[in-house]
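In what follows, a single structure is set out as structure tokens and then discussed.
Just follow the structure's listing: the first ligand is 1, and inside any ligand the first atom is 1.
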Amino acid sequence: MRTLVKNIKELVGVESTPQLRKQGKEMAVLEAIKDAYLLVEDGKIKAFGEMKDLKEENADRVVDATGRLVFPSFCDSHTHIVYANSREHEFVDKIRGLSYEEIAKRGGGILNSAKATAAASEDELYDMALQRLEGVVHLGTGAIEIKSGYGLTTESELKLLRVIRRLKETSPVTIKSNFLGAHGIPMEYRGHQEDYVDLVINEMIPLVADEGLADFIDVFCDQGFFTVEDTARILEAGIKYGMKPKIHANEMAVSGGVQVGVKYGAISVDHLEQMGDAEIECLKGTETMPTVLPGCAFFLNLPLSPARRMIDAGLPVAMASDYNPGTSPSGNMQLILSMACIRYRLTPEEALNATTLNTAYAMGVSREVGSIAVGKKANFYVTKPIASYEYMPYAYGENKVERVFLNGAEI
Ligand code: NIG
Ligand code: FE
């Protein structure tokens, strides 16, 4: 099956020499071809170039993209979309002055979601997560990482991970799963949380590994949640069972999360609202992708992660949605792209790299997706008629995506 997309006003995010990620000054480099074509064969990108160089139009299907731009699909490397209930009442509590930590302390927050999620069946959770997934696909997302973490009991965590497995099996989206048993401390373990850490290590991780349910192991390493010591123990156990670390760090405080993540070779450390010079230094020369979650900082009114400073220091930066009911109830990556530019002062080129190639890297799939390159999956979207690629972050709040293709097939 061959699909030809022709007369593309501008084909953006192409790579003639594919890279696994972009860092520092490279992030400002975004290759694009004006008046372009894109040829897809058997779900993969076969060729692309200028229309004047298109030799033959021998394809089963031709898509005319006159006046429209084509971009590689967004990769969203940090989400929690398997959950049962929304949490708008806590949202109102926050407006009235309670902090995220105060709500968590009184048993709200993650524990509130865990209670509702425990009561839902696997089928119900699957249906709800699928609806969220389909929603973001139509906004341009083509690859996504999904965490467990609203279970917090062995049975419930396994249920969530099985839902993610089912999404992997049934959806055309590229999906990676992340076991986040250490997301919150259940009420009955308050005051002796090391016993909950023991449960995660001795019972949950072996069972998760037995069923091959997780690509990654995650910990919410932060003030009021899991300590650096807890995190180190859990990461070691996960690594032993073949899971790669990918952690929540430095959202509430300079917690040592970045350092412990780097020490255990985390593929990414995420949040990073609280970063000192030592954290930036510590990330230099490592394989770990600093990942900023603009939706969470926006929703909780947190200080902004110093993304600009990290790029200027030569680091790579990825930006993901953190789609979850408590701190970012939206998975709209077009909005993340706008926030990257407006709030974090990334240029459109840097912001596009941060939400495609670098997020692909942060979920271990940048050989397959994240740019328009020969041999990669044909995951891309065609915009509505728009003037330029800068319009994408500029026109915030507007859906600029008209048609979505995953593995070469229109969704
Ligand atoms: O990434 N920070 C920890 N976990 C989620 C929030 C989860 C929740 O509040 O439900 C996050 O922001
Ligand atoms: Fe998160």
Counting heavy atoms only, which part of Tyr150 comes closer than 4.0 Å to ligand 1: side chain, backbone, both or neither?
side chain
Are more than 12 heavy atoms from other residues, nucleotides or ligands located less than 6.0 Å from atom CD of Glu88?
yes
Can you tell me which residue and heavy atom of the protein come closest to [atom], and the distance to 0.1 Å?
atom	result
atom 3 (C) of ligand 1	Phe220 CE2, 3.2 Å
atom 2 (N) of ligand 1	Glu251 OE1, 2.8 Å
atom 4 (N) of ligand 1	His183 NE2, 2.8 Å

Pick from Lys384, Glu398, Lys400: which one makes a side-chain hydrogen bond (donor to acceptor under 3.5 Å, both in side chains) with Tyr391?
Glu398
Taking only residues two or more places apart in sequence, or in another chain, which ones meet Lys46 in a side-chain contact (heavy atoms from CB on, under 4.5 Å)?
Arg2, Leu39, Glu41
side-chain contact (heavy atoms from CB on, under 4.5 Å) against Ser305, all qualifying residues, sequence neighbours excluded
Leu272, Val292, Met310, Tyr344
Output the list of atoms in ligand 1 that are nearer than 4.0 Å to some heavy atom of [X], sorted by atom number.
X	value
Asp322	1 (O), 11 (C), 12 (O)
Thr327	6 (C), 9 (O), 11 (C), 12 (O)
His78	1 (O)
His80	1 (O), 4 (N), 5 (C), 11 (C)

Residues Arg166, Glu169: salt bridge by 4.0 Å N-O rule
no
State whether Glu410 and Arg61 are salt-bridged, where the test is any N-O pair (Lys NZ or Arg NE/NH1/NH2 against Asp/Glu carboxylate O) under 4.0 Å.
yes
Does ligand 1 have an atom under 4.0 Å from some heavy atom of Tyr100?
yes
Could you list all the side-chain hydrogen bond (donor to acceptor under 3.5 Å, both in side chains) pairs where at least one residue sits in residues 30-40, not counting sequence neighbours?
Ser16-Glu31
For this output row, return yes or no: ring centroids of His183 and Tyr150 closer than 6.0 angstrom.
yes
Donor on one side chain, acceptor on other, Ser330 and Asn332, under 3.5 Å:
no
Passes ring pair (Phe, Tyr, Trp, His ring centres under 6.0 Å), Phe71 versus Tyr381? Steps please.
CA-CA 6 Å; Phe71 289 84; Tyr381 59 85; 5.4 Å; yes
Check for me: within less than 2.8 Å of the Fe ion (ligand 2), which protein N/O/S atoms show up?
His78 NE2, His80 NE2, His248 NE2, Asp322 OD1
